[in-house]
There are 2 protein chains.
Amino acid sequence: MLNTGDCQTHFVHQKTIDRVKESIPKEENLYDLADFFKMFGDTSRIKILKALSISELCVCDLSELLNISQSAMSHQLRTLRQVNLVKFRKQGKIAFYSLKDDHVKQILDIGIQHIEEAL
Amino acid sequence: MLNTGDCQTHFVHQKTIDRVKESIPKEENLYDLADFFKMFGDTSRIKILKALSISELCVCDLSELLNISQSAMSHQLRTLRQVNLVKFRKQGKIAFYSLKDDHVKQILDIGIQHIEEAL
DNA sequence: TTTATATATGATCACTTGTTCATATGTTAA
DNA sequence: TTAACATATGAACAAGTGATCATATATAAA
């Protein structure tokens with residue numbers, strides 16, 4: 001069936017649609033929201049975030065821990081910084097990364113809970 | 001710098017690494033977890049999930065609401081079903097979709113909160 | 001200043017992903 | 001049965017993503 005832009009049926013529940021429409025975040029925020037959640041959609045980043053939820057770690061520690069290259073790790077940390085998930089402090093040559101706030105931990109825990117319940 | 005597999009420095013914090021290592025989810029669960037979180041990383045799916053957190057909706061309603069084709073909607077709903085985020089009941093020709101559990105709503109709310117705080 | 005090292009970044013490429021088009025399936029009414 | 005419609009699915013393609021390689025920057029020690 002080709003898309004005609006709308007349904008050709010009396011089964012469209014217009015009132016419900018109108019009511020629901022109000023709850024949808026503004027278009028401008030949707031992209032930020034998606035970018036934020038994208039960070040959790042990669043196994044490497046999940047490991048990074050979970051690790052940082054336990055302790056701050058330097059780039060070198062993280063590469064060692066995940067067994068990925070320093071370059072790959074640095075790239076990942078950059079994207080995590082860009083969406084405000086992690087912050088870092090510099091101590092000489094070393095950059096210590098940590099979580100920016102508690103949201104990450106909360107989300108990870110809910111996700112883990114979800115997976116466990118689905119078994 | 002080429003990756004040599006590990007850091008050539010005394011700045012590796014081995015004890016911290018060992019402690020943190022235990023908290024990382026098992027490899028087998030990491031993929032499920034990533035697939036679960038990936039669902040939140042797309043603006044169309046965020047809209048779908050947010051809408052369903054308010055009310056159950058049929059495929060037709062959802063296409064109308066998001067202004068995307070019925071086909072695209074059906075594909076999205078399929079992937080959402082595969083990771084146990086939504087369920088549906090059939091009433092004649094109509095398929096009414098709804099959230100499978102409360103985790104989705106919780107995660108969306110935390111995400112929205114995160115975005116708002118980052119401003 | 002020169003060397004070593006910790007981290008960052010740009011370019012590239014294989015792989016993934018979301019949409020579209022075309023078509024199939026399933027259900028109801030005529 | 002036939003027509004209409006609600007939903008599902010397969011193939012294909014453009015756009016996005018994560019890792020790698022090469023290289024750059026920054027800091028500390030010699």
Side-chain angles (χ1 to χ4, degrees), chain A residues 1-13 30-31 34-49 56-64 66-83 86-97, chain B residues 1-13 30-31 34-35 37-49 56-83 86-97:
Chain A
M1 184 181 102
L2 287 177
N3 176 252
T4 58
D6 56 7
C7 306
Q8 309 108 309
T9 171
H10 53 286
F11 286 126
V12 179
H13 308 80
L30 276 170
Y31 291 99
D35 286 341
F36 169 74
F37 283 130
K38 268 177 196 157
M39 294 301 106
F40 297 87
D42 174 79
T43 54
S44 292
R45 283 192 300 265
I46 292 177
K47 289 187 202 172
I48 295 171
L49 294 171
E56 71 169 7
L57 290 162
C58 70
V59 181
C60 192
D61 290 341
L62 284 165
S63 319
E64 177 110 345
L66 302 209
N67 206 33
I68 71 176
S69 74
Q70 175 273 319
S71 176
M73 180 56 68
S74 194
H75 279 298
Q76 290 288 22
L77 291 170
R78 187 154 96 105
T79 63
L80 289 171
R81 259 185 286 140
Q82 284 171 339
V83 293
V86 304
K87 62 182 193 290
F88 72 104
R89 65 184 178 89
K90 266 220 160 171
Q91 184 178 300
K93 294 184 270 191
I94 318 281
F96 287 97
Y97 279 80
Chain B
M1 185 179 101
L2 287 178
N3 175 251
T4 57
D6 56 6
C7 307
Q8 309 109 306
T9 171
H10 53 288
F11 286 126
V12 178
H13 309 81
L30 276 171
Y31 291 98
D35 286 342
F37 284 129
K38 269 177 196 156
M39 295 301 107
F40 297 86
D42 174 77
T43 55
S44 293
R45 283 194 299 266
I46 292 177
K47 288 187 201 171
I48 296 172
L49 294 170
E56 71 170 6
L57 289 163
C58 69
V59 181
C60 192
D61 289 342
L62 284 165
S63 318
E64 177 109 347
L65 182 64
L66 300 210
N67 206 33
I68 72 175
S69 74
Q70 174 273 318
S71 177
M73 181 55 68
S74 195
H75 279 297
Q76 291 288 22
L77 291 170
R78 187 154 95 104
T79 63
L80 289 170
R81 260 185 286 139
Q82 286 171 339
V83 293
V86 303
K87 61 182 193 291
F88 71 105
R89 65 184 179 88
K90 266 220 160 171
Q91 184 178 300
K93 295 183 272 192
I94 320 281
F96 287 98
Y97 278 80

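Note that the structure is predicted; figures quoted are calculated from it, not measured. Below, chains carry the letters A, B, ... as their sequence lines are ordered, and counting in each starts from 1.
Within 3.5 Å, no donor on the side chain of A:Q70 pairs with an acceptor on the base of C:dA6, nor the reverse. With hydrogens and angles ignored, a donor-acceptor pair closer than 3.5 Å exists between the side chain of A:S71 and the base of C:dT9.
Between the CG atom in A:L66 and the CD atom in A:Q76 there is a gap of 9.0 Å [rounded to 0.5 Å]. A:M73 contributes atom CE, which lies 4.0 Å from atom CD1 of A:I48 (distance to the nearest 0.5 angstrom). Interatomic distance, A:L80 CG to A:M39 CE, rounded to the nearest 0.5 Å: 6.5 Å. Rounding to the nearest 0.5 angstrom, the gap separating the CZ atom in B:R45 from the CG atom in A:L30 is 13.0 Å. For the atom pair NZ (B:K93) and SG (B:C58), the distance works out to 12.0 Å, reported to the nearest 0.5 Å. The structure places CG of A:L62 at 11.0 Å from OG of A:S44, a figure rounded to the nearest 0.5 Å.
Atom pair B:L57:CG and D:dA6:C1' shows a separation of 15 Å (rounding to whole Å applied). Rounded to whole Å, the distance from CG on B:L80 to P on C:dT19 is 11 Å. Remark: P of D:dA11 and CZ of B:R78 are 11 Å apart, rounded to the nearest angstrom. At whole-Å resolution of the value, NE2 in A:H75 and P in D:dC21 are 12 Å apart. Taking atom CE of A:M73 as the reference point, atom P of C:dT5 lies 21 Å away to the nearest angstrom. A straight line from CG of B:N67 to P of C:dG18 spans 19 Å, rounded to a whole angstrom. Here the P atom of nucleotide C:dT16 and the CZ atom of B:F37 are 21 Å apart, to the nearest Å. Atom CZ in B:R81 sits roughly 8 Å away from atom C1' in D:dA8 (whole-Å rounding).
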Check nucleotides 25-28 of chain D against the protein and report each pair of N or O atoms closer than 3.5 Å, with its distance, or say if there are none.
none

Between the protein and nucleotides 16-18 of chain D, list every N/O to N/O distance that falls short of 3.5 Å.
| unit_1 | atom_1 | unit_2 | atom_2 | d |
| --- | --- | --- | --- | --- |
| D:dT17 | OP1 | A:K38 | NZ | 3.4 |
| D:dG18 | OP1 | A:R45 | NH1 | 3.1 |
| D:dG18 | OP1 | A:R45 | NH2 | 2.6 |
| D:dG18 | OP2 | A:R45 | NH1 | 3.3 |

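If you check every strand for non-hydrogen atoms under 4.0 Å, A:A95 touches sugar and phosphate atoms only. Backbone-only engagement by A:Y97 is indicated by non-hydrogen atom pairs under 4.0 Å involving sugar-phosphate atoms exclusively.
Not counting sequence neighbours, the partners of A:S74 by the side-chain contact (heavy atoms from CB on, under 4.5 Å) test are A:Q70. Take A:A95 and apply the side-chain contact (heavy atoms from CB on, under 4.5 Å) test, not counting sequence neighbours, and it matches A:V59, A:F88, A:K90, A:Y97. Every ring-ring contact (aromatic ring centres under 6.0 Å, His included) that B:F40 has, sequence neighbours left out, goes to A:F37, B:F36.
Comparing atom distances between the B:I94 side chain and each of D:dA6, C:dT9, D:dA8 picks out D:dA6 as nearest.
In this model, the phosphate group of D:dT20 is approached by a side-chain N or O of A:S69 to a distance below 4.0 Å at OP1 or OP2.
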